[in-house]
Amino acid sequence: MEHSPWPTVERRPDGMLALEAGAGVTQSVVRALARGAAPPPPFTVRALAPLPEVPPGERAITVDQTNHSVIAGEAVVVKWFPVPSRAPHPAPALLTHLAGFARTATPYAVIFWEDALVALVTAYLPGARDGWEWCVDEAVAGRTAFATEIGRLAAELHAAMASPSEAFPDPVRLPPPLAFAARAEDALGEALALTGGDDGEWLARHAGALRAEMASLSSTGRTPLIHIHGDLHVGQILQWRDGYAVVDFDGNPTVTEAEVFQPAARDLAQLLTSLDHVGQVAILRRSADPAATAAWVTAVREELGTAYENGLADAGRADLLDRSLVRPFEIEQECRELIYAARHLPRWRYAPMGVLRAWFA
Ligand code: ADP
Ligand code: MG
Ligand code: MG
């Protein structure tokens, strides 16, 4: 039997799909796309930009990741989804919408198998390291200059999200307030239910204080909603040869279109809390001095927030940020980190717990 250079996709008994891209598959798919060759049905390809010439060779990305990303010819990254979802996926429309936004890896193509999104093909950013590496180095060294650049980058991203395109002719929406308070309360309730031991006791003792910080969400007025990144933490910000870039726009395919439109403050809150997590990582894994690291966290949060607001103002989009939402969303985010730790990565619990204990000391 002739070896197919495309991945295998199987229907599992539970109805889900399972994709496998074995050795050599990524480079042959990328080279086929660059030649303009038609994919074997039921694969289809939506081209977003012409692929460059790609030399042979491939290597998998080995950092912590949700999906299976492979670099072909040191030029192109293919992010394969091992469990492709048949639900309409927000990524293709979003990548089209962001076509003019330069500070990301250029999207080249989207690959489908029947109606399921199976891969995103983007430019490889040479020398890229994600923020769980480069930003922890900054914390250990006590350097803060990056925070202004990252704040500006986030503001540019949100300004681009808020600019109309064919994909999103009405990118800024003003519906009646969403149920922000109920969503935050659900996150707290779930974090309380899933967190055991000393940490669980601490959380139960401080539930009232956490609730008090989120209380203002029930009186939030109309606030503009944009298609946010939805998973904006330093791990999605790559430092590479030419600066910083933000990646991983495919988010969570289980969220509906109504949910991807959110206040900009949600992305900002997640980005800010990720700086607190970087501080925890620096202390625990790199033996950074706790007092110096706490001062570093305070400084970079301040600098990033200021640069973000200045960036929005310069883009004429100061209206996108309702500052009063940032703190409540930060508390909610830490609850979500605890839920994530309980469900997927128990060793991560120290980071949100360290942050909450510092905030409510
Ligand atoms: P996941 O959804 O699996 O987290 P990401 O898109 O965030 O996938 O990619 C995982 C990792 O792969 C990133 O943290 C980064 O280290 C690396 N990476 C992703 N895209 C690129 C790119 N275009 N160039 C270089 N490295 C990349
Ligand atoms: Mg990622
Ligand atoms: Mg991701």
Q: Please name all residues satisfying salt bridge (Lys or Arg N to Asp or Glu O under 4.0 Å) with D170, sequence neighbours left out, ordered by chain then number.
A: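 Applying salt bridge (Lys or Arg N to Asp or Glu O under 4.0 Å) to D170 gives R173.
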Q: If you measure from the Lys or Arg side-chain nitrogens to the Asp or Glu carboxylate oxygens, is any gap between R183 and E259 under 4.0 Å?
A: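 Looking at E259 together with R183, the answer is no, because their closest N to O distance does not fall below 4.0 Å.
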Q: With distance as the sole test, does H97 use its side chain to make a donor-acceptor pair with the main-chain N or O of M161 at under 3.5 Å?
A: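 It does hold such a pair.
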Q: Verify, without hydrogens or angle tests, whether W80 (side chain) and T26 (backbone) share a donor-acceptor contact under 3.5 angstrom.
A: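 Answer holds: no.
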Q: If you look at every heavy atom in D276 and L272, which pair is closest and at what distance?
A: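 That would be OD1-O, 3.2 Å.
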Q: Fit a plane to each ring of F81 and H89, take the angle between them on a 0 to 90° scale, and name the class: parallel (under 30°), tilted (30 to 60°) or perpendicular (over 60°).
A: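 Taking H89 first and then F81, their aromatic rings sit tilted (interplane angle of 30° to 60°).
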Q: Run the side-chain contact (heavy atoms from CB on, under 4.5 Å) test on F43 and I111 for me, step by step, so that the C-alpha distance in whole Å, both residues' side-chain angles and the decisive distance to 0.1 Å come before the verdict.
A: CA-CA 7 Å; F43 286 102; I111 306 177; 4.0 Å; yes
Q: Going by side-chain heavy atoms closer than 4.5 Å, which hydrophobic residues are tied to L125, directly or by a chain of links?
A: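 Cluster partners of L125: L238, W240, V247.
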Q: Return the set of residues passing side-chain hydrogen bond (donor to acceptor under 3.5 Å, both in side chains) with E337 (not counting sequence neighbours), or none when no residue passes.
A: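 Listed in chain order: Q333, W348.
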Q: Show which side-chain atoms of residues 207-214 pair as donor or acceptor with protein atoms under 3.5 Å away, not counting sequence neighbours.
A:
from : atom 1 : to   : atom 2 : distance (Å)
R211 : NE     : E185 : OE1    : 3.0
R211 : NE     : E185 : OE2    : 3.3
R211 : NH2    : E185 : OE2    : 3.1

Q: What residues, two or more places apart in sequence or in another chain, satisfy salt bridge (Lys or Arg N to Asp or Glu O under 4.0 Å) together with D130?
A: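 Testing D130 for salt bridge (Lys or Arg N to Asp or Glu O under 4.0 Å), a comparison that skips the adjacent residues, returns none.
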Q: Taking all atoms of both residues into account, what is the closest heavy-atom pair of A119 and V78, and its distance?
A: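 Closest heavy-atom pair between A119 and V78: CB-CG1, 3.9 Å.
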Q: Considering residues at least two apart in sequence or located in another chain, which fulfil the side-chain hydrogen bond (donor to acceptor under 3.5 Å, both in side chains) criterion with E138?
A: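 With sequence neighbours excluded, E138 shows a side-chain hydrogen bond (donor to acceptor under 3.5 Å, both in side chains) to R143, given in chain and number order.
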Q: Is the backbone N or O of P42 less than 3.5 Å from a side-chain atom of E114, with the two atoms forming a donor-acceptor pair by type?
A: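 Side chain of E114 to backbone of P42, a donor-acceptor pair under 3.5 Å: no, none is there.
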Q: Output yes when a side-chain donor or acceptor of T195 lies under 3.5 Å from a complementary backbone atom of L192, and no otherwise.
A: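 It does not hold such a pair.
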Q: Return yes if some donor-acceptor pair links the side-chain N/O of H344 with the main-chain N/O of Y340 below 3.5 Å, else return no.
A: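 No, H344 side chain to Y340 backbone: no donor-acceptor pair under 3.5 Å.
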Q: Grab the two heavy atoms, one from A245 and one from T104, that are nearest each other, plus how far apart they are.
A: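 The answer is CB-CA, 4.1 Å.
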Q: If you look at every heavy atom in L271 and V234, which pair is closest and at what distance?
A: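 Taking every non-hydrogen atom into account, CD1-N, 4.2 Å.
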Q: Taking salt bridge (Lys or Arg N to Asp or Glu O under 4.0 Å) as the definition, give me every residue that meets it alongside D14, ordered by chain and number, with sequence neighbours left out.
A: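 Partners of D14 under the salt bridge (Lys or Arg N to Asp or Glu O under 4.0 Å) test: R12.
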Q: Is the shortest side-chain heavy-atom distance between P52 and V76 below 4.5 Å?
A: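 They are in side-chain contact.
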Q: Applying side-chain contact (heavy atoms from CB on, under 4.5 Å) to L284 and Q280, what does each step give before you reach the verdict?
A: CA-CA 6 Å; L284 197 94; Q280 296 295 317; over 6 Å; no
Q: Over all heavy atoms of both residues, which pair between R31 and P56 is shortest? Give the atoms and the distance, please.
A: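 Minimum heavy-atom separation between R31 and P56: NH1-N, 3.5 Å.
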Q: Within the side chain of E58, is there an N or O that forms a donor-acceptor pair under 3.5 Å with the backbone of G24?
A: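 Checking the backbone N and O of G24 against the side chain of E58, a donor-acceptor pair under 3.5 Å is found.
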Q: Taking the side chain as everything from C-beta on, heavy atoms only, tell me whether V326 gets closer than 4.5 Å to L321.
A: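 V326 reaches L321 side chain to side chain.
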Q: Please examine the side chains of P107 and L120, heavy atoms only from C-beta on, and report whether any two atoms are closer than 4.5 Å.
A: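 They are not in contact (no side-chain heavy atoms under 4.5 Å apart), so the answer is no.
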Q: With heavy-atom distances below 4.5 Å as the criterion, would you say the side chains of D137 and E133 are in contact?
A: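 Answer no - side chains too far apart.
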Q: Could you give the distance from SG (C335) to CG (D186), rounded to the nearest 0.5 Å?
A: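 CG of D186 is found 11.0 Å from SG of C335.
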Q: My understanding is that only residues two or more places apart in sequence, or in another chain, count here; which of them pass side-chain hydrogen bond (donor to acceptor under 3.5 Å, both in side chains) with R103?
A: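 side-chain hydrogen bond (donor to acceptor under 3.5 Å, both in side chains) check on R103 returns E156.
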Q: Identify whether the distance between the nearest side-chain nitrogen and carboxylate oxygen of E149 and R152 falls below 4.0 Å.
A: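 The answer is no: the pair does not qualify as a salt bridge.
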Q: Might you work through the side-chain contact (heavy atoms from CB on, under 4.5 Å) test for V172 and R317, ending with a clear yes or no?
A: CA-CA 11 Å; V172 183; R317 292 311 324 221; 3.9 Å; yes
Q: Could you tell me whether the side chain of Q236 reaches within less than 4.5 Å of the side chain of Q270, counting heavy atoms only?
A: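 They are not in side-chain contact.
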Q: For R266, check side-chain hydrogen bond (donor to acceptor under 3.5 Å, both in side chains) against everything at least two apart and list the hits.
A: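 Listed in chain order: Q262, E332.
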Q: Evaluate L304 against L268 for side-chain contact (heavy atoms from CB on, under 4.5 Å), listing each step before the verdict.
A: CA-CA 9 Å; L304 193 155; L268 178 62; 4.0 Å; yes
Q: Can you tell me if N67 uses its side chain to pair, donor with acceptor, with the backbone of K79 under 3.5 Å?
A: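 No, N67 side chain to K79 backbone: no donor-acceptor pair under 3.5 Å.
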Q: To the nearest 0.5 angstrom, please state how far the OG1 atom of T122 sits from the CG atom of D248.
A: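 Rounded to the nearest 0.5 Å, the OG1-CG separation comes out at 10.0 Å.
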Q: Rounded to the nearest 0.5 Å, how far apart are OG1 of T144 and CG of L275?
A: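 Rounded to the nearest 0.5 Å, the OG1-CG separation comes out at 11.0 Å.
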Q: State, to 0.1 Å, how close A147 and E303 come at their nearest heavy-atom pair, and which atoms those are.
A: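 Nearest heavy atoms, A147 then E303: CB-CB, 3.9 Å.
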Q: Kindly check if the number of other-residue, nucleotide or ligand heavy atoms within 6.0 Å of CD (E74) is above 12?
A: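 Atom CD in E74 is packed in, count exceeds 12.
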Q: Under the rule for side-chain contact (heavy atoms from CB on, under 4.5 Å), what residues qualify as partners of I283, not counting sequence neighbours?
A: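 In terms of side-chain contact (heavy atoms from CB on, under 4.5 Å), with neighbours along the sequence ignored, I283 is linked to P290, T293.
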Q: Does L345 belong to the same Ile/Leu/Val/Met/Phe/Trp/Tyr cluster as L203, with side-chain heavy atoms less than 4.5 Å apart forming each link?
A: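 They do share one cluster, since a chain of ILVMFWY contacts under 4.5 Å joins L345 to L203.
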Q: First locate atom CG of L153, then atom NE2 of H158, and finally report the distance between them rounded to the nearest 0.5 Å.
A: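 Going from the CG atom of L153 to the NE2 atom of H158 covers 10.0 Å.
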Q: Among Ile, Leu, Val, Met, Phe, Trp and Tyr joined by side-chain contacts under 4.5 Å, find the other residues sharing a cluster with I61 and list them by chain and number.
A: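 Answer for I61: V63, I71, V77, Y124.
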Q: What residues, two or more places apart in sequence or in another chain, satisfy salt bridge (Lys or Arg N to Asp or Glu O under 4.0 Å) together with E309?
A: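 If we apply the salt bridge (Lys or Arg N to Asp or Glu O under 4.0 Å) test to E309, skipping adjacent residues, the hits are R323.
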Q: If you round to the nearest 0.5 Å, how far is OG of S85 from CG of D250?
A: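 It is 11.5 Å, given to the nearest 0.5 Å.
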Q: Taking the six-membered ring for Trp and the single ring otherwise, decide whether the centroids of F180 and F329 are under 6.0 Å apart.
A: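 Yes - the distance between ring centres of F180 and F329 falls below the 6.0 Å cut-off.
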Q: Within the side chain of Q27, is there an N or O that forms a donor-acceptor pair under 3.5 Å with the backbone of G57?
A: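 A pair under 3.5 Å: yes.
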Q: In Å and rounded to the nearest 0.5 Å, what is the CG to CZ distance from L194 to R343?
A: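 L194 atom CG to R343 atom CZ measures 6.0 Å (nearest 0.5 Å).
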